[in-house]
Amino acid sequence: MKVVIIGSNGLLANSIGAYCNQHNYSLVIIGLNKPISHSCDKFIQLDLINGQIDYNEVLDADAVFYAAGAGIQSNLKESCPLIYSLNVTVPIQIYNKLESLNYKGTFVSFGSYFEIGDNSENHR
């Protein structure tokens with residue numbers, strides 16, 4: 001089984017990566033930094049905001065997990081545009097591209113823009 005994880009070192013990416021390692025799945029990681037807590041067969045360094053995914057690396061995967069995000073840890077102080085882009089725009093763009101390329105595997109995305117952690121911002 002081939003699995004692609006978009007996002008490399010967050011809680012979800014680490015958990016899914018460890019599971020894939022335990023089951024000897026072929027694992028491709030796409031993210032800013034090489035994974036620390038799990039191994040992969042291939043690492044593709046990519047800034048999802050400023051770069052483009054090479055879908056040739058993705059289309060033959062049985063499953064693609066979008067585990068990237070921003071604003072999940074309240075102490076990181078990421079901007080609202082970054083949070084919205086990584087948590088909403090980018091996964092929708094990936095899904096639409098996979099659909100247009102007739103991707104036959106499973107695409108899974110986690111979280112939402114509204115899960116921004118504990119903070120003191122007042123939204124009306």
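The residues of the chain are indexed from 1 along the displayed sequence.
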Inset, instruction - Taking the side chain as every heavy atom from C-beta outward, state whether Lys2 and Asp60 have any atom pair closer than 4.5 Å. - result: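 Lys2 reaches Asp60 side chain to side chain.
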Inset, instruction - Check whether any side-chain heavy atom of Leu59 sits under 4.5 Å from a side-chain heavy atom of Leu101, and report yes or no. - result: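 Leu59 vs Leu101: side chains touch.
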Nearest heavy-atom pair of [X] and [Y]: which atoms, and what distance?
X     : Y     : answer
Asn50 : Asp47 : ND2-OD2, 2.8 Å
Ala61 : Val64 : CB-CG2, 4.2 Å
Gly7  : Ile29 : O-CG2, 3.9 Å
Leu48 : Ala68 : CD1-CB, 3.7 Å

Treat each ILVMFWY residue as a node, draw an edge where side-chain heavy atoms are under 4.5 Å apart, and state whether [X] and [Y] are in one component.
X     : Y     : value
Leu11 : Ile16 : no
Met1  : Phe65 : yes
Ile49 : Ile44 : yes

Inset, instruction - Using the side chain to side chain donor-acceptor pair (under 3.5 Å) rule, collect all pairs that involve residues 4-14, keeping only residues at least two apart or in two chains. - result: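 Sorted result for residues 4-14: Asn14-His38.
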Legend entry - Phe107 atom CZ, over 12 foreign heavy atoms within 6.0 Å: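 More than 12 heavy atoms, drawn from other residues, nucleotides or ligands, come within 6.0 Å of this atom.
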Legend entry - Qualifying residue, where the test is side-chain contact (heavy atoms from CB on, under 4.5 Å) with Ile6 and the options are Val58, Ile94, Leu46: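 With Ile6 as partner, side-chain contact (heavy atoms from CB on, under 4.5 Å) holds for just one option, Ile94.
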Legend entry - From Leu32 atom CG to Gln45 atom CD, the distance as rounded to the nearest 0.5 Å: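 The distance works out to 7.0 Å.
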Legend entry - Point-to-point distance, once rounded to the nearest 0.5 Å, from SG of Cys20 to CD1 of Ile5: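 Cys20 SG to Ile5 CD1: 5.0 Å, rounded to 0.5 Å.
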Legend entry - Short side-chain to backbone donor-acceptor contact, Tyr66 and Ile92, under 3.5 Å: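 Pair absent, no side-chain N/O of Tyr66 close to backbone of Ile92.
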Inset, instruction - Just jot down the salt bridge (charged side-chain N to carboxylate O under 4.0 Å, His left out) partners of Asp41, sequence neighbours excluded, or say none. - result: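 Expected list: none.
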